[in-house]
Amino acid sequence: MNNLKNLRGTIDLLPEQLTKWQNVEKIIKRELLRASIREIRTPIIEMTELFIRGIGEGTDVVNKEMYTFDDRGKRSCTLRPEGTASVARAVINNNILKGSLNKLWYMGPMFRYERPQAGRQRQFHQLGVEFIGYESPNSDVKIISLAWDILQKLGVRELNLEINSLGDIDDRKAYQTFFLKFLEDNLDKLDDDSKARIYKNPLRILDTKNAKTQEILENAPKLFDFLSEKSMERYSIIKNKLEELQIPYKENNRLVRGLDYYSHTAFEITSGSLGSQATVCGGGRYDDLIEQMGGGRIPAIGFAIGLERLILIAGNELDKRREIDIYIVNKGEFAESLALNLSRKLSDFDLITELDMSGASFSKQFKKAGKCKTKSVIVIGDDEALKKEFSIRLFNDKRGDDNQITLSIKDDVKLEKWIRKNLH
Ligand code: HAM
């Protein structure tokens, strides 16, 4: 029988790789805590309707990329392709805005049926941050600077921030009339996908990946030129504040993002260290989403960072694993019991211990201890174990026995003193 394989576009993350993941996650969580942003965990599976209404019917994510199926009760379910729609739903359902839990983060797997390549998977992970109920331009700047600073603190190099304003609903309505006219005039030159979108969701044609359509769009009216004075003023304030914070940005008036819910600020951060899938972070304001989903008029802004891409470009020093502090070598029936007892005792300290459970010879166990690069060893033979004793020493100390002490299993104070002196 053939070995069972994992699904295309999904990968196993093995212990060696996870050292970097865990270090990255630790720093991210530290930064989020410092910014008093609190975690939210929403289900990985939701009603399909949530994403159709939240992300938008004409988007690639909804049209082509969702993992959608009927459950046994014949309800259409979807594995979440992103987190914003779920957070908006959770905010409405749980009345979160009534409390103070409105700066939220989440981290976890997302699913999109895309063609896998380096930095693009079908199951991938995101860190998302959503500020719900925040309207001031300061919150846009805080969100952008938070994303920027997290990436910097993780040692990501060659960062580029691009920003744009998509205006509000009225700006986009005004634009749509002119844009539609342009599309109709050029209908025969558009690709089939774009033709299908023209009356469903014309603005999405702006994200087309079709080179010929992109060329035609060069001459199309620009959304940016239809922004009201108020929208332009808002955008200027944000740019000025980014300059004050010395966060370098480029304006990209073509940046529309692939999801329907955005208004006003849209931004992306790419890194020159990534290949073709260079966007490590995307975000923006979504002032209409919660209302469209049946909540009140609640403005909001957020971003998501793709963790696979981030891990590829985060500093190499984050790959370092904490070494083993104590390796417990033990041989013989009594020694094994004492070793088990001792390893439980050591779990009260902030130490990494490795209990050898192989029953192999002392020399084999020492070899393994050396391979683990342990800082110290505890050695227990049956003779010591019968006396309820063990010895402990630094592993690579050339002083040999001088550095070794023998302790009674009951001698907690001396053990702690030795650990503090040698391992902390
Ligand atoms: P997004 O731009 O669709 O935005 O995704 C954010 C990031 O997730 C991307 O920049 C990329 O790093 C990563 N990503 C997306 N698809 C894949 C994939 N197939 N494989 C690997 N990484 C991927 C959102 O999802 C919005 N919810 C962001 C947001 C939050 N806007 C407001 N709040």
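As the structure is a computational prediction, the values presented were derived from the model and not from experiment. Start at 1 and go down the list; that is how both ligands and their atoms are numbered.
- Residues F395 and Y327 keep their aromatic ring centres 6.0 Å or farther apart.
- Of the listed residues (R257, K209, R204), just one forms a salt bridge (Lys or Arg N to Asp or Glu O under 4.0 Å) with D60, and that residue is K209.
- Near ligand 1, residues E82, T84, R112, E114, G119, R120, Q121, F124, Q126, E130, R257, L259, Y261, Y262, T279, V280, C281, G282, G283, G284, Y286, G302, F303, A304, G306, R309 come within 4.0 angstrom through at least one heavy atom.
- For the pair K331 and F362, the cation-pi test (distance below 6.0 Å, angle within 45°) is failed.
- The CG atom of D71 sits 7.0 Å away from atom CD1 of I45, with the distance rounded to the nearest 0.5 Å.
- Under the side-chain contact (heavy atoms from CB on, under 4.5 Å) criterion, A278 pairs with T270, L274, sequence neighbours left out.
- At most 12 non-hydrogen atoms from other residues, nucleotides or ligands lie less than 6.0 angstrom from CZ of R115.
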